[in-house]
Amino acid sequence: MSLKLKAIFLLLLGTIFWGMTFVFIKDAVSLMSVAGFLGYRFLLAGIVLSLIFYRRLRLINKTTLKYGLLMSVPLLTSFLAQTIGLQYTSASKGGFITGLSVVFVPVILSIIQRKLPSSNIFIAVLMATMGLAMLTLSSSLDLNIGDSWVFLSAILFAIYIIMVGKISRKCDGVLLSLTQFLIVGIVCTLYAGISDDLFIPTQYKLWQAILFTALFATAFMYTVQNYYQKYISEITTSIIFSFEPLFAAVTAFFYLNEELTEKTIIGGLLIFVGILFAELKLENIKTLLSVGK
């Protein structure tokens with residue numbers, strides 16, 4: 001398996017974990033503060049990475065610390081903005097707006113690079129956005145203050161994706177992830193402590209949510225992103241992340257007995273087509289289509 005295919009596969013696997021977290025987080029944030037939950041989640045992820053890769057810890061240097069601190073800013077602020085927004089908007093609209101990072105990534109890259117994206121990237125982003133809309137949107141499109149916060153979160157996460165693409169080539173991906181986890185975890189824990197919202201969880205559901213999100217949706221997923229994203233484009237990465245609402249729907253189907261509709265399946269297929277257009281040149285796609293005739 002090539003490094004590009006391996007990167008796509010592992011990022012897809014991590015996105016499945018992200019989709020599954022909705023089931024756990026829904027219960028967790030009703031039992032403790034958001035800052036307290038994020039503190040436990042990121043600190044535990046950092047501790048687990050430290051134990052697994054303890055031999056690498058001696059390789060941490062000023063460069064790793066500098067970039068880890070820099071990248072923790074959009075990571076932390078995107079989490080906080082999304083969490084604030086989801087208190088005022090629906091989960092479906094929040095999922096769609098968050099997924100709009102697939103649009104913001106090429107827009108921000110165009111501004112930085114001072115050139116328009118290629119035609120296949122335009123098509124890829126359009127397909128992914130249509131897929132997201134089918135996965136998440138209902139008939140109601142009324143906007144509120146919560147939508148504005150989630151919109152800001154999507155922009156911040158798009159910036160994070162681009163930063164990972166640039167910085168991960170300069171640092172060890174594991175150490176870069178570890179640094180971010182500890183910084184975000186410490187900041188959230190301190191804030192929860194100052195706000196008198198920090199306590200040791202005793203409920204099974206709460207520990208279930210903390211352990212799953214810390215090990216799979218954080219330690220695994222963000223380490224994979226920081227290590228493997230350099231082998232694919234930032235735009236392909238954002239399109240892969242657009243699958244999150246689909247995997248959330250599939251998880252809800254199995255665990256909560258919610259309906260899995262044709263609309264959901266078609267939305268997932270559109271996002272998959274978007275990935276193909278993002279990774280293949282338009283000429284190659286035309287060749288593949290002509291061969292099939």
Side-chain angles (χ1 to χ4, degrees), residues 14 17-50 65 67-91 93-95 97-98 101 144-161 163-164 176-223 225-226 241 244 248:
F17 293 145
W18 273 357
M20 293 173 68
T21 59
F22 284 101
V23 176
F24 299 102
I25 294 175
K26 184 178 180 181
D27 291 327
V29 294
S30 66
L31 297 172
M32 74 182 307
S33 69
V34 172
F37 175 72
L38 290 178
Y40 275 110
R41 172 179 174 174
F42 280 93
L43 280 179
L44 181 57
I47 292 170
V48 168
L49 276 191
S50 299
L65 292 174
Y67 285 125
L69 178 61
L70 186 64
M71 292 175 66
S72 66
V73 174
L75 180 63
L76 173 60
T77 51
S78 66
F79 263 99
L80 291 176
Q82 183 188 54
T83 304
I84 294 170
L86 289 176
Q87 293 176 343
Y88 304 100
T89 190
S90 66
K93 273 202 298 179
I97 297 171
T98 299
S101 59
N144 57 42
I145 187 63
D147 299 322
S148 300
W149 279 105
V150 180
F151 190 84
L152 174 61
S153 172
I155 295 175
L156 290 167
F157 192 64
I159 293 171
Y160 180 77
I161 291 173
M163 288 177 68
V164 171
L176 196 60
S177 299
L178 172 60
T179 306
Q180 293 172 67
F181 297 162
L182 293 178
I183 291 172
V184 173
I186 290 170
V187 170
C188 289
T189 302
L190 287 174
Y191 180 80
I194 293 171
S195 304
D196 202 25
D197 288 327
L198 190 64
F199 60 89
I200 298 176
T202 56
Q203 299 94 329
Y204 170 76
K205 280 189 175 182
L206 195 48
W207 273 114
Q208 185 183 41
I210 291 171
L211 289 172
F212 183 86
T213 56
L215 298 179
F216 298 101
T218 307
F220 173 83
M221 179 50 172
Y222 282 104
T223 303
Q225 184 185 2
N226 280 277
F241 292 165
E244 184 180 357

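Being a predicted model, the structure only gives us computed values, none of them experimental. Here, residue 1 is the first one in the sequence, and each next residue gets the next number.
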- Item | side chain to side chain contact (heavy atoms under 4.5 Å, CB included) involving I186 - partner list, sequence neighbours excluded |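 Per chain and number, I186 pairs via side chain to side chain contact (heavy atoms under 4.5 Å, CB included) with L43, L190.
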
The criterion is ring-ring contact (aromatic ring centres under 6.0 Å, His included); which residues satisfy it with [X], sequence neighbours excluded?
X	answer
F37	none
W149	none
F220	F17

- Indicate the ring-plane relationship of Y222 and F79, choosing parallel, tilted or perpendicular according to the 30° and 60° boundaries.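 Rings of Y222 and F79: tilted, 30 to 60°.
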
Acceptor/donor pairs from residues 191-207 side chains to any protein atom, 3.5 angstrom cut, sequence neighbours excluded:
residue, atom, partner, partner atom, Å
S195, OG, Y191, O, 2.9
W207, NE1, P201, O, 2.8

- Query: Just by distance, do the side chain of T213 and the backbone of I210 share a donor-acceptor pair under 3.5 Å?
  - Reply: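 Yes.
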
- Query: Any side-chain hydrogen bond (donor to acceptor under 3.5 Å, both in side chains) pairs touching residues 178-189, not counting sequence neighbours?
  - Reply: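 Only Y160-Q180, Q180-N226 qualify under side-chain hydrogen bond (donor to acceptor under 3.5 Å, both in side chains).
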
- Quick one: does F157's side chain get under 4.5 Å of Q82's, heavy atoms only?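 In short, these two side chains do not touch, never coming nearer than 4.5 Å.
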
- Message: Counting C-beta onward and ignoring hydrogens, is there a side-chain heavy-atom pair between V184 and L38 closer than 4.5 Å?
- Response: no

- Task: Measure the CD1-CG distance between I161 and L156 for me, rounded to the nearest 0.5 Å.
- Result: 11.5 Å

Check residues 69-78 and write down every donor-acceptor pair under 3.5 Å in which the side-chain atom is one partner and the other belongs to a residue at least two apart or another chain.
residue, atom, partner, partner atom, Å
S72, OG, G68, O, 3.4
S72, OG, L69, O, 2.7
T77, OG1, V73, O, 2.6
T77, OG1, P74, O, 3.4
S78, OG, P74, O, 2.9
S78, OG, L75, O, 2.9

